[in-house]
Structure formats: C-alpha cells, structure tokens
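Working notes, beginning with the structure itself.
Source: prediction; values computed, not measured.
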Amino acid sequence: MKRPPGPGSLTKTQRRLGRDWRLAVLFLAPTAVLVGVLVLLPIIRSAITSTTERHGADSVFVGLDNYLALVSDDQFRTGVVNSFVFTAYAEIFKVVLGLAAALLLHNLARGKALLTGLLLVPWVVPTVVTAFSWRSLLDPIFGSVNTLLTASGIGPLLAEVHLVDSWPAGWLSDASLAMPSVILVNVWKGVPFFTVCFLAGLKAIPADQYEAATIDGASARQRFTHVTLPGLRHVITVTVTLSSIWTFNNFDLIWLLTQGGPGDVTAPYVLVAYSKAILQLQYGAGAAVTLVMLPVIAALVFFLVRLLREDRGTGPARPPGTIRKALPWSIAAVFTVLLAWAAPDIFWKAAVILAVILVIAWAVGRVVAGRRRTSSGVSGLGLAALLAFVLGPMYWIAVTAFKTEGQVVARTGDLWPAPWSLEQFTALFANQPFGRWYLNTLLVSAASTVVALVCAVLAGYALARLRFRGAQGFTVTVLLTYVMPGALLFIPLYQLLIGARLTDSLWSLVVTYPTFTIPFATWLLAGYFSSIPAELEEAALVDGCSRVQAFGRVVLPLAKPGLLAVALFTLTNAWNEFLFAFVFITKDEYKTLPVGMQSMIAGDVVPQGQLAAASLLVSIPVVVMYAFGQRFLTEGLTAGAVKG
C-alpha cells in the first residue's frame with residue numbers, strides 16, 4: 001500500500017522546495033500564467049508609465065515628478081479622504097445591519113431559505129440596476145423618497161433638526177448630502193453579503209456554548225458579548241477586510257450615481273486616477289495616483305493573509321484572550337476622531353442614525369429576552385422593516401416596468417400600475433438590441449466562470465493542501481491581483497488587447513475577466529479545501545491512490561458546495577462587470593447588458609420605463625440562481641472562506 005512519504009524519504013530538492021513542489025507547479029501554472037500576463041505585467045507597465053509624461057504623441061521620462069506633484073494636488077488629497085470616509089462609514093453600517101439581519105434569520109424557525117434569498121437581491125443585481133433605481137428614487141422633484149417623506153411628515157422634520165439643509169432634499173446634487181446618499185446605496189448593496197457571511201458564521205458556533213452560558217446564568221447580552229461575538233471574530237475580520245478592499249476601490253457605483261460630483265465631494269481616489277488618465281489623457285499622473293495607494297491595500301491584504309493562516313494552524317498560535325485585545329478602545333477612539341476630523345458633517349449625522357439603530361436593536365433584544373411569547377412578533381416586525389429597506393427599490397423597478405409610457409411621464413401609480421402593461425418590454429426589444437446584449441452577457445459570464453473554476457480549483461487545492469516553499473507569497477500575490485483597481489489595469493490591458501487585435505470582441509472580456517474572478521475564487525476554494533478533513537485524503541493515499549486521484553475521487557466530490565458557491569460568486573461578478581466592458585467594447589453588437597443599459601441614456605433623456613424593464617430582465621436570472629443555490633452558498637461559506 002502507498003503511504004505518504006515521511007521526512008526521511010524526502011529528496012534534497014523536496015526538502016528545499018517542499019514535499020509537493022512538482023504537483024504545486026502543475027496545479028498553480030494556469031493561475032500563475034494568467035495572473036502574470038493579465039495583472040503583474042500590466043502593473044509593471046503602469047509603474048513605467050507613472051514615470052512618464054505625455055507631450056503630444058510622445059511620452060517623456062520624468063522620473064518621480066508625477067508622484068511629487070501629488071503632494072500639492074488638492075484633487076488627489078480630496079480623493080484619498082473621500083475613499084477613506086466612504087469606506088469607513090459604509091463598513092460600520094454594513095456590520096451593524098448585517099449582524100442584526102443575520103441574528104434575526106438565524107433564530108427564524110420557518111422560511112429562512114426564502115428570506116435569505118430575498119435579502120440577497122441587492123447584492124446580486126448589476127450595479128447599473130442599483131444606480132438607476134436609486135437615482136430615480138432620490139430625484140429631488142419626482143423621486144419616491146422625497147414624496148414618501150413629505151407625505152409622512154418626516155422630510156420637513158429632518159430639515160427642522162438640520163439633518164438636511166432644506167426640503168425637498170437634493171440627495172445626489174446637494175454637496176452635504178451626496179456622500180451620505182452614496183454611502184446609503186453602497187450599504188444597501190453590501191448588507192446582503194455581510195448577512196450571508198454572518199449567518200454562516202452563526203451556524204458554525206456550537207450550540208453547547210450557548211447552553212453552557214445559559215446554565216451559568218448569562219443574560220442575552222452576556223451571551224451575545226461572550227459567545228456570539230467571539231465566535232464571529234474570524235468571520236467579522238475576514239468579511240470587513242474583504243468588503244473594505246472592494247469599497248475602497250469602488251468605481252462603478254459612484255461613477256453611475258454622481259460621477260464624483262457635485263464638484264468632487266464624492267470622487268474617490270480611483271475616480272481621480274480615471275479622470276487624470278482617461279479624461280485628461282495624463283496617463284502617467286493617473287497611474288501614479290493608483291500606485292501610490294497600493295502599499296495601503298497591500299498592507300491590508302497581508303494582514304488578512306496572516307490572520308487566516310494563523311487561524312488555519314499554519315502560523316504562530318494566538319494566546320488566550322486576544323479576542324478582546326484585537327481592537328483596543330484606544331484604537332477605536334483614534335479611529336472615531338479621524339472620522340470626525342475628515343468629515344464632520346457626515347460624522348454627526350451618521351452618529352445619530354447609528355444611535356437610533358442601536359437603541360432599537362437594544363429595545364428589541366430586551367423585549368425578546370423578557371417576553372418570549374412576543375419574540376416571534378418582534379422578530380417579524382424587524383424582518384419586515386429589513387425587507388422593506390432591501391426590496392423597496394426592486395419593487396419600484398418592477399412596478400415601473402409594467403407601467404405605460406403615459407404613467408411614467410405623469411408620475412402616477414408609484415405603488416401600483418393602473419393598468420398593468422407590457423408596453424415597456426415591447427419598446428425595449430423594438431428600440432434596442434437588448435436580446436443581443438443578453439446573449440453576449442450570458443456567453444461572457446459562462447466562459448469566464450468556467451475559466452475561473454478550473455484555475456481556482458487547482459490553485460485553491462495547492463494552497464490548502466500541498467506543501468511547497470512560497471505558498472504564502474503566492475497567496476498574497478493572488479489576493480493583491482484581486483484588489484487591484486480596474487483604473488490601474490484597464491489602460492495597459494487595453495494596450496495589450498490592441499496588440500493582440502482583440503478589442504471590440506467578446507474575447508477581450510473573456511480574456512480579461514479572470515483578473516477579478518480567479519483570485520477571489522481561489523481564495524474561497526482554498527478556505528473550503530482546508531475545511532475538508534485531511535484524514536480522508538490520507539486514507540485514499542494509503543489505499544494506493546496517487547495525490548491526483550485522491551484529489552479527484554475524494555476532495556472534489558466533498559467540495560461541491562464550495563464549487564457552487566464559487567460559481568455563483570464568479571458568475572455574478574462577470575454578469576455585473578461594467579468598467580472593462582465599457583472601455584474595451586464600443587460596437588453595439590458586442591456590448592454586455594450593463595454597458596448597453598448605460599448607453600440607453602442619452603444626455604438628459606432617460607427612458608425610465610425601458611430601463612426598468614431591462615433592469616427586471618437582467619436581475620431575474622441571477623436572483624433565481626441564488627434563490628435555488630443559496631443553501632449551498634451558505635454551506636460553502638460556513639466550511640470555506642469565512643470559517644478558515
């Protein structure tokens with residue numbers, strides 16, 4: 001029978017490079033090639049570009065001048081502050097609301113799968129759908145938000161207590177409200193991801209810990225503080241870190257909502273880089289803006305990798321009690337002061353809203369703990385409020401899609417069309433090549449998902465199971481490729497595509513989408529493979545299987561939930577991608593749905609009915625897939641990336 005080689009049977013090369021270095025090279029090769037060609041090479045090219053300045057048709061070497069110029073660049077400083085403010089406030093609210101939603105769902109006896117699927121809707125719908133729906137809802141004159149707040153009397157009250165400067169409020173056009181509004185939309189879109197991750201983490205906490213705490217006389221608050229929060233430490237850290245990276249590099253949502261305005265009050269640093277490189281044709285300055293922020297992102301990713309490797313037993317053990325010391329009050333106080341200094345107008349408004357949320361959560365917890373008979377009713381009210389917040393914009397899209405053009409123009413029937421009509425769907429297919437856009441998106445998403453799955457399965461297994469030198473360095477490199485802003489990569493990628501004559505073709509998207517699908521897919525599967533007991537694989541090796549056979553016959557069948565979770569994640573990312581498709585495709589016959597929908601808006605002419613119909617048709621397939629696959633998604637997260 002074949003047994004795993006012991007230390008004494010290793011060759012000199014294996015002792016130097018690792019026991020499984022040959023298989024690691026084979027498994028990591030596809031990912032390494034794609035990452036090297038599509039990410040590392042463009043980054044090197046961007047670094048070279050950042051030392052040049054364009055003079056007419058020529059580029060002149062200027063050394064570090066572009067970096068030195070950023071010191072006195074007000075636009076850059078504003079962009080950096082905006083990025084940190086946008087990220088910090090969005091993450092705070094996503095954690096609070098996501099944790100509250102997860103606790104409500106976790107204690108639900110019936111309908112958990114259905115409600116979880118409904119809560120995922122904002123996260124899975126394309127960003128262009130999110131931006132379109134919220135721009136319409138937040139319109140100062142015709143938007144439903146101002147209409148409802150005025151009718152309820154809340155709007156004038158907000159003006160009286162100076163939460164808004166005047167009424168009706170210009171949510172996206174008022175300099176004091178634009179950033180809070182953009183943060184709100186990001187929170188709306190991001191809460192479902194936090195909810196699913198936290199729900200997976202709650203499922204992984206052993207029930208006997210709660211039973212032991214109850215026997216010891218712990219109150220509900222004490223059980224939450226000493227059992228729930230420590231049990232979710234890893235999940236919270238990973239989820240917040242990943243979401244912070246995504247939010248910090250956000251481009252699509254802000255561009256589609258405000259284009260960085262009014263003025264530059266919502267412009268993040270990525271949009272500043274885009275503005276310099278594309279709108280002002282200062283490629284060197286644009287590359288410098290993004291590259292100068294790279295060390296911040298790299299430090300965040302390195303911290304995340306070290307944390308997960310320690311939790312998986314590959315790093316030094318943590319001493320007892322480090323949970324409470326993870327974020328000392330002194331650090332929290334410094335962080336709060338920085339937020340107050342960076343955005344004082346937003347700080348106190350956010351503090352009021354957050355205080356109201358926490359008071360409501362405390363009151364609900366007291367009622368549930370003290371009156372168990374009313375707990376189901378209170379939980380029901382909480383879930384109803386959460387669903388209203390989550391599904392309200394999608395409901396508005398649905399009813400608008402079934403209005404006649406006369407109803408849309410007259411702004412009648414906001415809550416219920418009268419009569420219901422298919423006029424907008426008919427006009428959509430008659431006036432736009434919508435069917436072609438749909439087919440293009442389906443083909444590109446499917447192809448990029450297959451590529452990501454094949455590469456991520458091999459690379460994820462190698463990083464989780466195989467022993468070879470450089471595993472941590474490769475992991476850090478893969479994660480860094482994922483967090484690279486599109487504004488850094490699309491210029492050199494565009495040049496590479498021109499050289500390969502792949503622009504204005506679907507191949508340009510299939511080739512470049514692995515830059516953001518493979519790294520995250522590898523991350524998820526590495527976590528899932530680590531959760532599968534190694535003893536099962538070792539037993540197969542003892543029975544005579546090779547490492548590859550054990551991988552195919554034992555590990556892959558057990559990893560089906562993780563594979564489905566990765567497929568859903570990568571398919572959603574590819575389905576929703578905007579920036580690359582916007583830059584690489586100019587012909588209508590090759591456009592994908594997000595770019596095609598954006599092109600339907602011509603200046604001030606916004607076909608709201610047709611856009612609503614398109615948004616509904618774009619969102620339905622992904623929502624249906626998540627509704628049927630969310631059980632496997634939760635299982636994949638529970639045993640995979642969020643558990644470590």
**Message:** For a 4.5 angstrom cut-off between non-hydrogen side-chain atoms, does Thr228 reach Arg223?
**Reply:** no

**Request:** Answer yes or no: is there a side-chain heavy-atom contact under 4.5 Å between Asn573 and Tyr513?
**Result:** no

**Message:** Between Phe86 and Ile254, is there a side-chain heavy-atom distance shorter than 4.5 Å?
**Reply:** yes

**Asked** Are Tyr89 and Phe93 close enough that their ring centres sit under 6.0 Å apart?
**Response** no

**Asked** Can you tell if the side chain of Gln424 reaches within under 4.5 Å of the side chain of Leu611, non-hydrogen atoms only?
**Response** no

**Message:** For Tyr274 together with Trp255, are the ring centres under 6.0 Å from each other?
**Reply:** yes

**Asked** Which word best sums up how the rings of Tyr438 and Trp575 line up, parallel for under 30°, tilted for 30 to 60°, or perpendicular for over 60°?
**Response** perpendicular

**Asked** Does the side chain of Thr150 pick up a donor-acceptor pair with the side chain of Trp167 at under 3.5 Å?
**Response** yes

**Request:** For the residue pair Trp437 and Asp588, confirm or rule out a side-chain donor-acceptor distance under 3.5 Å.
**Result:** no

**Message:** Side chains of Lys94 and Thr247: any donor to acceptor distance under 3.5 Å?
**Reply:** yes

**Message:** Given 3.5 Å as the limit, does a donor-acceptor pair link the side chain of Ser83 with the main chain of Tyr269, or not?
**Reply:** yes

**Request:** Anything under 30° is parallel, anything over 60° is perpendicular, the rest tilted; go ahead and classify Trp188 against Trp134.
**Result:** perpendicular

**Distance-only polar pair, side chains of Glu91 and Ser243, donor-acceptor under 3.5 Å** = yes

**Prompt:** So, the side chain of Asn82 versus the backbone of Asp264: is there a donor-acceptor pair under 3.5 Å, distance only?
**Reply:** yes

**Request:** Indicate, with yes or no, if the rings of Phe193 and Trp246 have centres closer together than 6.0 Å.
**Result:** yes

**Thr517 and Ser448 side chains, donor-acceptor separation under 3.5 Å** = no

**Message:** Restricting to non-hydrogen atoms, name the atom on Ser445 and the atom on Thr449 that form the minimum distance, rounded to 0.1 Å.
**Reply:** O-OG1, 2.7 Å

**Request:** Answer whether the closest heavy-atom distance between the side chains of Lys189 and Val125 falls below 4.5 Å.
**Result:** yes

**Request:** Using the six-membered ring wherever Trp is involved, compare the ring planes of Phe429 and Phe434 and label them parallel, tilted or perpendicular (cut-offs 30° and 60°).
**Result:** perpendicular

**Request:** Answer yes or no: is there a side-chain heavy-atom contact under 4.5 Å between Val595 and Ile585?
**Result:** no

**Asked** Do the non-hydrogen side-chain atoms of Thr147 and Asp139 ever get within less than 4.5 Å of each other?
**Response** no

**Asked** Distance-only, no hydrogens or angles: does the Glu577 side chain make a donor-acceptor pair with backbone N or O of Phe580 under 3.5 Å?
**Response** yes

**Prompt:** Taking C-beta and beyond as the side chain, do Phe248 and Val270 meet within less than 4.5 Å on heavy atoms?
**Reply:** no

